[in-house]
Amino acid sequence: MSGFLAGLLVAVLPLLAAGFWLGRRTARPAGLAGLGTPVEHATFETLHTASLATPPLRAGLTEETARKSARKLRSLLGTDALCLTDREQVLVWDGVGAHHRTEIMERLTGPLDTGRGEAFPLTCDTPDCSVRWAVVAPLTVDDRVHGALVACAPRESAVLVRAAGEVARWVSVQLELADLDQSRTRLIEAEIRALRAQISPHFIFNSLAVIASFVRTDPERARELLLEFADFTRYSFRRHGDFTTLADELHAIDHYLALVRARFGDRLSVTLQIAPEVLPVALPFLCLQPLVENAVKHGLEGKADKCHIQITAQDAGAEALVVIEDDGAGMDPDLLRRILAREVSPTGGIGLSNVDDRLRQVYGDDHGLVIETAAGAGMKITVRLPKYQPGVHLAGRLTPR
């Protein structure tokens with residue numbers, strides 16, 4: 001899919017540049033005097049204008065995104081007016097002749113049903129109205145027509161018909177990418193729901209058993225642990241967003257470790273080395289805690305020895321580098337590979353494959369878990385978190401795109 005979209009963009013951009021140049025017949029911009037021929041000027045300005053229209057369109061086709069992108073799209077075509085519609089209404093009208101909205105929507109029935117472009121004259125009783133002709137180009141995603149781009153001009157133009165079609169294809173590509181982003185988000189949400197379902201039985205049972213053991217012998221200790229349990233579960237089952245900060249995730253890990261220490265006593269020791277500058281970095285919700293739980297599980301359960309877990313978070317330029325290391329039983333590398341490939345199910349708790357999959361979905365395949373282990377040699381898990389990533393939303397704010 002990504003190869004097809006990239007090829008389509010490569011094919012469309014030269015046509016956009018030519019249409020922009022022929023349609024507007026612009027003189028050389030004063031600030032671009034050293035760029036060469038008029039066609040090169042037009043190509044540069046077209047690419048720049050298209051880049052400005054891209055971010056809103058990557059959020060889908062809504063009134064807000066249409067309003068933010070319409071002027072840039074009209075600039076690409078050099079028309080007197082341009083409107084974007086969905087299947088029901090005009091989302092935005094940019095330029096003159098807004099009184100043609102109703103007529104435009106009445107004429108869109110055919111193009112929206114067939115997915116084929118159309119050009120037609122406009123009827124107008126306003127003497128000074130400069131738009132007398134409209135070109136309709138449908139906006140399609142996965143062979144479904146979502147709306148239309150309509151360019152309006154003083155007269156019929158074959159160049160405008162072709163250019164409007166190419167711009168509409170480019171807009172459709174952006175909408176398709178937006179649809180892919182939304183599909184990815186829905187998948188991440190499903191993964192988080194599954195993650196919460198896996199956390200609940202295993203962790204809640206052990207935690208409540210530990211708290212119950214202190215009720216008679218040390219009521220104050222039981223109260224403190226109950227508050228730790230409440231804070232951790234409140235974080236785990238929160239509803240406001242699929243991403244969190246490294247600071248919040250580490251805070252939840254601290255609650256988790258307090259309950260684990262109550263269960264295992266001095267068999268567990270933990271060292272944290274956290275660089276303050278990486279605390280605001282955004283990451284997928286419940287991404288690190290399962291890795292710490294894995295370290296506890298393989299480091300302590302089923303053995304009498306003590307276990308040491310070290311958690312570090314360092315600033316690595318454009319990334320935050322998080323390492324979780326234990327000196328426990330480790331794992332056979334071949335078994336680990338099969339678990340990450342989901343060929344073998346993990347034994348209880350949250351599988352490493354869940355976290356690995358979510359990291360790859362958000363950041364790409366080169367940001368999956370890096371795990372170093374061997375039987376009897378402990379385990380070291382490294383996570384690379386980009387500081388800025390398109391689509392990584394924190395509750396109430398958005399990282400730069």
Side-chain angles (χ1 to χ4, degrees), residues 1 4-5 8-9 12 15-16 19 49-50 52-77 79-124 129 131-153 156-157 160-187 189 391 401:
M1 175 65 73
F4 167 75
L5 295 177
L8 182 57
L9 285 173
V12 165
L15 289 169
L16 290 180
T49 304
L52 295 177
T54 296
L57 295 170
R58 285 294 302 274
L61 187 61
T62 65
E63 289 188 21
E64 181 180 1
T65 61
R67 176 180 56 81
K68 290 180 178 179
S69 61
R71 183 155 300 180
K72 305 297 187 302
L73 297 175
R74 183 163 74 91
S75 179
L76 282 175
L77 293 171
T79 59
D80 294 69
L82 178 140
C83 74
L84 293 172
T85 81
D86 57 18
R87 296 189 65 91
E88 305 295 333
Q89 62 180 337
V90 173
L91 299 174
V92 64
W93 186 289
D94 189 76
V96 301
H99 53 278
H100 287 289
R101 285 171 174 256
T102 302
E103 180 182 5
I104 291 292
M105 288 307 301
E106 291 174 351
R107 297 293 297 270
L108 285 185
T109 304
L112 291 178
D113 289 341
T114 64
R116 291 194 294 269
E118 185 178 315
F120 51 83
L122 295 170
T123 59
C124 187
C129 180
V131 292
R132 301 291 178 174
W133 198 268
V135 177
V136 177
L139 303 175
T140 62
V141 177
D142 290 334
D143 297 324
R144 291 180 291 112
V145 180
H146 284 226
L149 178 149
V150 184
C152 301
E156 183 179 6
S157 168
L160 181 59
V161 171
R162 180 68 181 276
E166 297 299 343
V167 171
R169 289 179 64 194
W170 177 78
V171 172
S172 296
V173 169
Q174 305 309 313
L175 297 179
E176 185 161 350
L177 291 172
D179 191 58
L180 291 174
D181 285 342
Q182 292 168 5
S183 297
R184 182 185 66 177
T185 299
R186 289 192 293 270
L187 179 59
E189 290 172 349
R401 290 187 68 103

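Heavy-atom basis, side chains included; hydrogens, waters and symmetry copies ignored. Here the structure is a predicted model, which means the values were calculated and not measured.
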ask   = Of all residues at least two apart in sequence or in a different chain, which pass the side chain to side chain contact (heavy atoms under 4.5 Å, CB included) check with D80?
value = V96, S130, V131, P154
request  = Compare all side-chain heavy atoms of W170 with those of L149 and state whether any distance is below 4.5 angstrom.
outcome  = no
ask   = Can you tell if the side chain of P55 reaches within under 4.5 Å of the side chain of K68, non-hydrogen atoms only?
value = no
key: Donor-acceptor under 3.5 Å (E103 side chain, L122 main chain)   = no
pair H99-C129: side-chain heavy atoms closer than 4.5 Å = yes
request  = Inspect the contact between R67 and E63 and indicate whether a charged nitrogen and a carboxylate oxygen are less than 4.0 angstrom apart.
outcome  = no
task = Spell out, as yes or no, whether a donor-acceptor pair under 3.5 Å connects the side chain of S75 to the backbone of R71.
result = no
query = Looking at L57, T140, L61, L76, which hits side-chain contact (heavy atoms from CB on, under 4.5 Å) with V171?
reply = L57
ask   = Is there a side-chain contact between V135 and T79 (heavy atoms, below 4.5 Å)?
value = no
What pairs of donor and acceptor atoms, side-chain ones from residues 105-121 against any protein atom, are under 3.5 angstrom apart with sequence neighbours left out?
from: D113; atom 1: OD1; to: R87; atom 2: NH2; distance (Å): 3.4
from: T114; atom 1: OG1; to: G110; atom 2: O; distance (Å): 3.0
from: T114; atom 1: OG1; to: R116; atom 2: N; distance (Å): 3.2

query = Is the count of non-hydrogen atoms from other residues, nucleotides or ligands lying under 6.0 Å from Q89 atom CD greater than 12?
reply = yes
query = Hey, does the side chain of D142 reach the backbone of R144 with a donor-acceptor pair shorter than 3.5 angstrom?
reply = no
Under the side chain to side chain contact (heavy atoms under 4.5 Å, CB included) test, residues paired with R101 that sit two or more places apart = V90, W93, A98
request  = Can you measure from CG (L82) to CG (D94) and round to the nearest 0.5 angstrom?
outcome  = 7.0 Å
ask   = Taking side chain as C-beta onward, heavy atoms only, is H100 less than 4.5 Å from C83?
value = no
